[in-house]
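Right, I'll just put the structure down here and ask away after.
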Amino acid sequence: MTTQTSVPIGASPTRCSYFEKPAGLRDFHDHEWGEPVTDADILFEYVVMYGFGAGIGMNLVLQKREHFRDELAGFDPNRLAHFGTARIDELLENTRLIRNRRKMEAAVTNAQAWLRLRDEMGGNESLVAFFYTFVNGTPLDSQRPDGDPPPLSTPESEAMSRALKKRGFALMGPATCYGLMQTAGLVNDHAVSCFRHQHCLDLARNLTRL
C-alpha cells in the first residue's frame, strides 16, 4: 500500500510535528498520508479504516491494519458486503481487531453502499472521480505553517459527509470525511515546511483532473 517518497537519505527530515510520534503514525505520514489516490481499492480501504478510527483516531487502527486486512476479506468490498451477523459476531471475538459492533457493522454497510455508488457512477474510475468532486476535481493545498493544526472539518468534508450519508454510508461524519480527504490526498495538509508537502503537491499537479 505504501509507495513512493522516503525520508531523504542522510538527512533528518522536517516533518509535520504532530506526526513525529508514535512510529506507526510517522511511517504513515512519511509514505502514504496526503498522496492523491486514484485507485478505488485503496480509497475503499481508507473508508473502512476511517470508519474504525471514528472517535478514537488512527493510531490504533494503523496498529491493527494488517489484522483487519486478514479478517475483512482484504478490504474487498465485493466480499465484505456479504458478511452476515454470524461473521460479525465471530469478528467481535477476535482480540486482534477493534471489537466494536457498531463499527464492524458499519464496515459491512459501507461496503454495500460502496458497491451501490460504484454502480450509480458507472465503475471504479467514475467512483473515484465522485470523491474528487468535493474539491472541484483538483486536490486542495492548504499551505499550512507547522504548528497551525488542520481543522477538524471543512465545508468540503461536510458536503462529502452529507452526500455519503444520503447514499447509505455509516459513521462518515464531517471529521471522519476530512481525515479521509487528508489521507487520500484530496487536500494536501502537510505543513509547507514538511519534506512531504512538495512531493504531494507535485503528485497533485501531475494528476489528470478527475
Side-chain angles (χ1 to χ4, degrees), residues 1-2 24-25 28-29 32-35 37 39-121 124 127-128 130-132 134-135 150-154 156-187 189:
M1 178 70 60
T2 59
L25 280 178
F28 184 56
H29 166 277
E32 194 167 353
W33 193 76
E35 297 198 358
V37 169
D39 186 311
D41 292 337
I42 295 174
L43 188 56
F44 177 71
E45 179 170 339
Y46 290 156
V47 168
V48 175
M49 289 171 59
Y50 275 92
F52 278 101
I56 63 171
M58 288 299 292
N59 186 39
L60 181 60
V61 179
L62 289 169
Q63 291 175 34
K64 296 179 178 290
R65 186 179 193 175
E66 294 310 311
H67 301 317
F68 276 118
R69 191 185 309 281
D70 291 342
E71 300 297 340
L72 298 185
F75 298 114
D76 179 353
N78 299 287
R79 297 166 61 193
L80 184 55
H82 294 288
F83 280 26
T85 301
R87 178 59 176 146
I88 290 174
D89 289 344
E90 180 182 340
L91 291 171
L92 291 172
E93 296 296 321
N94 190 330
T95 58
R96 302 191 309 165
L97 306 178
I98 294 173
R99 295 185 292 170
N100 180 299
R101 181 174 293 277
R102 185 181 179 211
K103 292 181 178 184
M104 198 67 73
E105 290 175 345
V108 177
T109 295
N110 288 344
Q112 295 165 349
W114 182 270
L115 297 180
R116 291 194 301 270
L117 180 59
R118 186 178 67 187
D119 289 344
E120 176 188 344
M121 294 295 125
N124 280 334
L127 186 155
V128 172
F130 165 80
F131 282 84
Y132 278 83
F134 300 100
V135 292
L152 294 178
S153 64
T154 63
E156 292 83 4
S157 74
E158 291 167 3
M160 179 184 289
S161 176
R162 288 193 298 271
L164 293 181
K165 289 178 179 178
K166 182 179 178 180
R167 288 168 171 82
F169 284 79
L171 294 182
M172 297 302 293
T176 300
C177 285
Y178 193 61
L180 174 67
M181 293 174 74
Q182 291 173 300
T183 295
L186 276 69
V187 57
D189 252 344

Which pair of heavy atoms, one from Leu171 and one from Thr176, lies closest together, and at what distance?
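Where Leu171 meets Thr176 most closely, the heavy atoms are O-CG2, 3.6 Å.
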Can you classify the ring geometry of His29 versus Trp33 as parallel (below 30°), tilted (30 to 60°) or perpendicular (above 60°)?
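Parallel.
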How about Asp39 and Glu45: do any of their side-chain heavy atoms sit closer than 4.5 Å?
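SC-SC contact between Asp39 and Glu45 ruled out.
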For the atom pair CZ (Phe28) and CG (Asn59), what is the distance rounded to the nearest 0.5 Å?
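The CG atom of Asn59 is 11.0 Å from CZ of Phe28, to the nearest 0.5 Å.
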For a side-chain contact (heavy atoms from CB on, under 4.5 Å) check, start with the C-alpha distance between Thr154 and Val187, then their side-chain angles and the critical distance, and finish with the verdict.
CA-CA 11 Å; Thr154 63; Val187 57; over 6 Å; no
What's the spacing between Glu105 CD and Ile88 CD1 if we round to 0.5 Å?
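The CD atom of Glu105 sits 5.0 Å away from the CD1 atom of Ile88.
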Taking atom CG of Leu92 and atom NZ of Lys103, what is their separation to the nearest 0.5 Å?
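Reported to 0.5 Å precision, the distance equals 12.5 Å.
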Ala111 versus Pro77, closest heavy-atom pair with distance
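Nearest heavy atoms, Ala111 then Pro77: CB-O, 3.8 Å.
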Atom pair OG1 (Thr109) and CE (Met104), whose distance is rounded to the nearest 0.5 Å:
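One finds 12.5 Å between OG1 of Thr109 and CE of Met104.
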Verdict with supporting geometry, Arg167 and Phe130, side-chain contact (heavy atoms from CB on, under 4.5 Å)
CA-CA 12 Å; Arg167 288 168 171 82; Phe130 165 80; 4.0 Å; yes
How far apart are the closest heavy atoms of Leu80 and Ala107, and which atoms are they?
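For Leu80 versus Ala107, the nearest heavy atoms are CD2-O, 3.7 Å.
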Please check: side-chain N/O of Ser161 versus main-chain N/O of Ser157, any donor-acceptor pairing under 3.5 Å?
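Here the side-chain-to-backbone pair does not exist.
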Contact check, side chains of Phe52 and Met58, non-hydrogen atoms, under 4.5 Å
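In short, these two side chains do not touch, never coming nearer than 4.5 Å.
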Val108, Leu72, Asn110 screened by side chain to side chain contact (heavy atoms under 4.5 Å, CB included) with Val48, the one that passes:
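It is Leu72; the other options fail the test.
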Quick one: pull up CG in Leu152 and OH in Tyr178 and give me the separation to the nearest 0.5 Å.
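That separation rounds to 10.0 Å.
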Using the benzene-type ring in the case of Trp, are the ring centres of Tyr46 and Trp114 under 6.0 Å apart?
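They do not qualify: ring centres at least 6.0 Å apart.
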Heavy-atom closest contact (Met121 atom, Leu127 atom, distance):
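Heavy-atom minimum between the residues: CB-N, 3.8 Å.
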Carefully, step by step, assess Glu90 and Glu71 under the rule side-chain contact (heavy atoms from CB on, under 4.5 Å).
CA-CA 10 Å; Glu90 180 182 340; Glu71 300 297 340; 5.8 Å; no
Which atom pair, heavy atoms only, marks the closest approach of Leu62 to Gly24?
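Shortest heavy-atom separation between Leu62 and Gly24 comes out as CD1-O, 4.2 Å.
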For Thr95, is there any backbone N or O sitting under 3.5 Å from a side-chain donor or acceptor partner on Arg99?
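No; zero donor-acceptor contacts below 3.5 Å.
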Measure the CD1-CG distance between Ile98 and Leu91 for me, rounded to the nearest 0.5 Å.
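These two atoms lie 12.5 Å from each other.
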Heavy-atom side-chain contact between Val37 and Phe131 under 4.5 Å
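The answer is no, as the side chains (C-beta and beyond) never meet within the 4.5 Å cut-off.
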Do the charged groups of Arg96 and Glu66 touch, with an N to O distance under 4.0 Å?
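No, this pair does not count.
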Can you find a pair of side-chain heavy atoms, one from Met160 and one from Leu180, that are under 4.5 Å apart?
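The answer is yes; the side chains approach within 4.5 Å.
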Can you name the nearest heavy-atom pair linking Ser153 to Ala175, along with the distance?
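Heavy atoms of Ser153 and Ala175 come nearest at CB-N, 4.1 Å.
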Assess whether a salt bridge exists between Arg65 and Glu32, defined as any Lys/Arg side-chain N lying under 4.0 Å from an Asp/Glu carboxylate O.
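Yes.
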Please assess Gln63 against Leu60 for the test side-chain contact (heavy atoms from CB on, under 4.5 Å), listing each intermediate value before the final yes or no.
CA-CA 5 Å; Gln63 291 175 34; Leu60 181 60; 4.1 Å; yes
